[in-house]
**Q** 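First, the structure itself, so that you have it in front of you.
The chains referred to below are lettered A, B, ... by the order of the sequence lines, with proteins before strands, and numbering in each begins at 1.
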Protein chains: 2
Amino acid sequence: MGRMIGLLQVDPTVGDLTGNAQRLEHLSNLAAQHGARVGVTTELAISGYPPRDLLLQDEFIRLAQQTASSLKVPIPVLVGSPIEAQSSRQLPGNGVVRAGSNDILSSDGNSHVVARKQLLPTYDVFDEARYFQPDNRSGIARTIAQLDLGVTVCEDAWQAAGLTPSSYSADPIEHLAEWGRQGVQLDATVNLSASPYHADKLSSRIHVCRTAAQVLGHPFLLANQVGGNDDLLFDGNSLVAWPDGRVVVAPAWQEGVLVVDIDDASNCLWVASKSPDALCIGSDQIRHLSPEEKGHEYDKELLEDLTDAVVTGLSDYCRKSGISSIVLGLSGGIDSAVAACVAAAAVGPENVLGLAMPSRHSSQHSIDDAHITAEALGISFDTLAINSFHASVEDSIGDVLTNGHPVASENLQSRLRGLLVMAHANAQGRMAIATGNKSELAQGYCTLYGDMAGGYAPLGDLYKMQVYGIADVFNSRAEHNGRVAPVNQSTRTKPPSAELAPDQKDEDSLPPYDVLDEILRSHIEEGLDAQAIADKGFDRVTVVEVLTRLEQSEHKRWQMSPAPRVSSRAFGQGWRRPLASRHDWRH
Amino acid sequence: MGRMIGLLQVDPTVGDLTGNAQRLEHLSNLAAQHGARVGVTTELAISGYPPRDLLLQDEFIRLAQQTASSLKVPIPVLVGSPIEAQSSRQLPGNGVVRAGSNDILSSDGNSHVVARKQLLPTYDVFDEARYFQPDNRSGIARTIAQLDLGVTVCEDAWQAAGLTPSSYSADPIEHLAEWGRQGVQLDATVNLSASPYHADKLSSRIHVCRTAAQVLGHPFLLANQVGGNDDLLFDGNSLVAWPDGRVVVAPAWQEGVLVVDIDDASNCLWVASKSPDALCIGSDQIRHLSPEEKGHEYDKELLEDLTDAVVTGLSDYCRKSGISSIVLGLSGGIDSAVAACVAAAAVGPENVLGLAMPSRHSSQHSIDDAHITAEALGISFDTLAINSFHASVEDSIGDVLTNGHPVASENLQSRLRGLLVMAHANAQGRMAIATGNKSELAQGYCTLYGDMAGGYAPLGDLYKMQVYGIADVFNSRAEHNGRVAPVNQSTRTKPPSAELAPDQKDEDSLPPYDVLDEILRSHIEEGLDAQAIADKGFDRVTVVEVLTRLEQSEHKRWQMSPAPRVSSRAFGQGWRRPLASRHDWRH
């Protein structure tokens, strides 16, 4: 019998201790049934990641730790859990407790506690120094079910690969390697992770695991959270790397167990969760990579993955928030068509209502295109002209609109639509979704309380060209299943327009989207300033205009609903609550 | 000639390096003119606090440090500034550079750098571990203008007083005291602070300074930022404590210099800024406290201070964002009446427009009361009935409203008002303000995109009973100046009502506000759970209902506009982006 370890790729709900415990027990049973001697969960699996201000409640910490250590499991399981503080003037730990058998050697006073995280990321989406006390011991190893295992938690493994934005003073992988050089031989090292998704993040994670396996000279196993919590997405993709560079990767966007035979890469197995509400999107195949292979290599595969990511975000947000139906405005444009595709995939087309709300500036082809999308998807559809409301408001404050800034009248139409969408949401218990994309949000080319209204913005972290990209994925998936493509050719090819003024086109106000996207990506994700972006070959005036609008729209974006985080850097990387600029509150 | 130190109580704008430099030069000149040998600014005075994600830009750090160290000042000045990182894999420091003369002994390679902050708060509104590398030397002292000064930055002084939520492993005050015991005699220790306001925070700050002075055996001087940046308020109240417990406190809510004679408490002087746009609200008197006296002691004084705080928040937000005029809905209720008082005080009554927007459920007395408030304040006033829009929308989606949840129709009215307010804002270049208070926001008793619409929520961190409290302050101030009280008796005493359904009263849905406020305060500020609150004598069912609504309204509050932070704990202390609950997106 091989030395098998089960990596429990779980989709927890933040704060739902009971539900998360049930999921972990179910996965532990599956792992045991398929020969695993020991199970390893993801980071903070019992509380879900990121628990944030729940960690400020002592009672929550106590209950989480107790629940984790008393899981009913047939094999020993290392469970990611917050750990009670060691004194009233200290913070809790981000650690690992054991559930199941008692054969763990622990130097802790609390015999359940196996390890505490040493490196606490406090950058980008992470704010762990706010909540946790770091451990500072030199290497943590445990004997469990006759296996000698090094134990690390997420960031602990990233310093060795040099992939953190700044250096830590310690390196837990190097600590364990030093133990090895001193004669302490381990069978494997495990890592409990909650490593968020962004496009092609998997390549980085593979590099981290290969580096650790190479430095340690034994297999390195990483169990990663899967699913969405608020705006954070976790792709799963749990994996194992051997010192020679071979890698086995679990499926993304699925809950289940990767059973790893640490002696035989070919003997690894994916066991999907049998829970009726388990996340199960995309391919269920495990991947074997030779030492030379990276993760994703083709744009097409990245777009498929991005599509699954966006669907996962919305579907998990709805399930975890108790939302079963959705309403959205369907303008006939690309964004709302793709948002409708995402909604239909997330909660089922029978639970989605699309509203076409033409104004005096809407073209007939827009209404037709909206109708075609709704029909192809099989969602409910209704048409509500906003002309009469528009006229009724103009009767009352016509002089204010006529004598004021012309944007007032454009925003008015968008807000009338927002009001109708919200009336359906409120009356029918649906969640409204906002259909805007990252490129237009970054330029403030959107209306607060109008098209930004809604509980979730499924495309809010996708650049416009990525929206076109996943439109193609939805179309080819539909055609593959013998259905009509939901994003028709007219929607796909017409020039983008807000249709809030006569003959208005987005390109009257913004650069072409392929140019805009690259400028935005260079600034937001690469951190380049105007000069450096211009040096890439972009028109300098255009670049400055784009970056100025980006700054001016901060206040507006701050009021955006959650959007699935799919890029390596989102807006306002540091939680800055911006001052309004003149433009923010006017548009 | 006395040994005089000038504490520069500055009102910086986050990111405005040039403007902040000018303010610091102006205050340094005033300090020198009044006999100060050396000036001490507030923490990060050159960048303004909190700079947040600006600190992620290396170029910003470099420019800030360069601007700080090259200030044109007639005396040496210790300037709070970000300090460039010591390597590409390190974070910057939160430190102090010297401007002016060169007679500083510095052990640093960079001779401008005087000190780096040692304790980095990462709780509540603070997230400094995200941005800064802590210093870990044992005590920082400098000789400057023939004075031997200990140098500390904000949090550095709080560990000694035991007033941080968890312990740090170092104590910079104790380090300096240890130097003293070893024979290094200092004349005084200074502290560059950006310590945010909350009601009665001054008492804590006095305790910190008295503790430090006592431990050190010499005067302890704290220069504190003043004014608002985003939702953070800083009250100023710069102060000095002597080892015997005597204290001198500068005025709150005013920009200027506290010139301290460290040998003679009676020789301290307040010099107000002469800049035409300098913050200047409330009393300009300095206060002398004997060793037994605390800070504020009377409720009346706290309410006066709270009123000044709220006015400062809005006025600084407007000035720093380039906003010169405001529009708000005036319902005739207490909240909008008080919000109008705040707006009139912040930007001048001639720049404020109040809109009465009666619906079919509005009473005539509400319209009358709104008019009375507008007239007493001298703001512009208009009445726009929403009946016709309401009817026009009902014509179109009447069946949706009739067959759906009744809250849809209530929200519709609120959103129609929001739409009219925003149309005025957009057309006329005004900022809309939201008039809701903390108690109703905490219960979700408000409408997203309706009464929550606006760029700033001046009452958003005030409990309902505090709104009544500051109404009285505005009334007595008006009467003191021979004007009509803006919040008339009818507004002051009628039962609160949203007037969105026939004969609706807030108390039909919520507990009486005095009860609600105490339950909320117990949970949010004292961290008590339902049982502990019930044990105070509140009805258990009521408590559970209140806390449940508080949890359910998280998503809605997350989309709230900036509100001045005036309580010791705001909502969602840890930046948690909440999942929607069923109720959030319906209301």
**Q** With only heavy atoms counted, which part of A:Pro165 is less than 4.5 Å from chain B, the side chain, the backbone, both or neither?
**A** backbone
**Q** Rounded to the nearest 0.5 Å, how far does CD1 of B:Ile397 lie from CG of A:Leu419?
**A** 7.5 Å
**Q** Any side-chain donor paired with an acceptor under 3.5 Å for B:Gln90 and A:Ser167?
**A**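 Not at all, the side chains of B:Gln90 and A:Ser167 share no donor-acceptor pair under 3.5 Å.
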**Q** So which of B:Ser392, B:Cys318, B:Gly418 has the biggest tally of heavy-atom pairs under 4.5 Å with chain A?
**A** B:Ser392
**Q** Using modelled atom types only, decide if a donor and an acceptor are shared between the side chain of A:Tyr131 and the backbone of B:Tyr123 within a distance under 3.5 Å.
**A** no
**Q** How long is the gap from OH on A:Tyr449 to CE on B:Met452, to the nearest 0.5 Å?
**A** 9.0 Å
**Q** What part of A:Leu55 is in contact with chain B, defined as an atom under 4.5 angstrom from a non-hydrogen atom: side chain, backbone, both or neither?
**A**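 For A:Leu55, there is no contact with chain B at all, as no heavy atom is under 4.5 Å.
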**Q** I need the minimum non-hydrogen distance between A:Asn426 and B:Arg415, along with the two atoms involved.
**A** OD1-NH1, 2.9 Å
**Q** How about A:His424 and B:Val400: do any of their side-chain heavy atoms sit closer than 4.5 Å?
**A** yes
**Q** Considering only heavy atoms from C-beta outward, does the side chain of A:Gln559 approach that of B:Leu448 to under 4.5 Å?
**A** no
**Q** Does a side-chain heavy-atom distance below 4.5 Å link B:Val393 with A:Leu420?
**A**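 Result yes, sub-4.5 Å side-chain heavy-atom pair found.
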**Q** At a heavy-atom distance under 4.5 Å, which candidate from A:Gly404, A:Ala129, A:Ser166 has the highest pair count against chain B?
**A**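 The option with the most such pairs is A:Ser166.
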**Q** Where does A:Thr164 contact chain B at under 4.5 Å (heavy atoms): side chain, backbone, both or neither?
**A**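 Looking at A:Thr164, backbone and side chain both touch chain B.
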**Q** State the CD-CG distance between A:Gln428 and B:Leu401, to the nearest 0.5 angstrom.
**A**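 One finds 9.5 Å between CD of A:Gln428 and CG of B:Leu401.
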**Q** Of all of A:Thr122, A:Asp395, A:Leu412, A:Asp382, which one pairs up most often with chain B through heavy atoms under 4.5 Å apart?
**A**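 Winner by heavy-atom pair count: A:Thr122.
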**Q** Taking C-beta and beyond as the side chain, do A:Met422 and B:Asn411 meet within less than 4.5 Å on heavy atoms?
**A** no
**Q** Is there side-chain contact between A:Arg130 and B:Asp127, with at least one heavy-atom pair below 4.5 Å?
**A**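 Yes, at least one pair of side-chain atoms sits under 4.5 Å.
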**Q** Counting only heavy atoms closer than 4.5 Å, note whether B:Leu416 contacts chain A via side chain, backbone, both or neither.
**A** both
**Q** Output all residues satisfying side-chain hydrogen bond (donor to acceptor under 3.5 Å, both in side chains) with B:Ser388, sequence neighbours left out; order by chain, then residue number.
**A** none
**Q** If we only count heavy atoms from C-beta on, is the B:Glu59 to A:Asp529 side-chain gap below 4.5 Å?
**A** no
**Q** Report the residues that fulfil salt bridge (charged side-chain N to carboxylate O under 4.0 Å, His left out) with B:Arg89, sequence neighbours left out, ordered by chain and then residue number.
**A**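 Residues passing salt bridge (charged side-chain N to carboxylate O under 4.0 Å, His left out) with B:Arg89: none at all.
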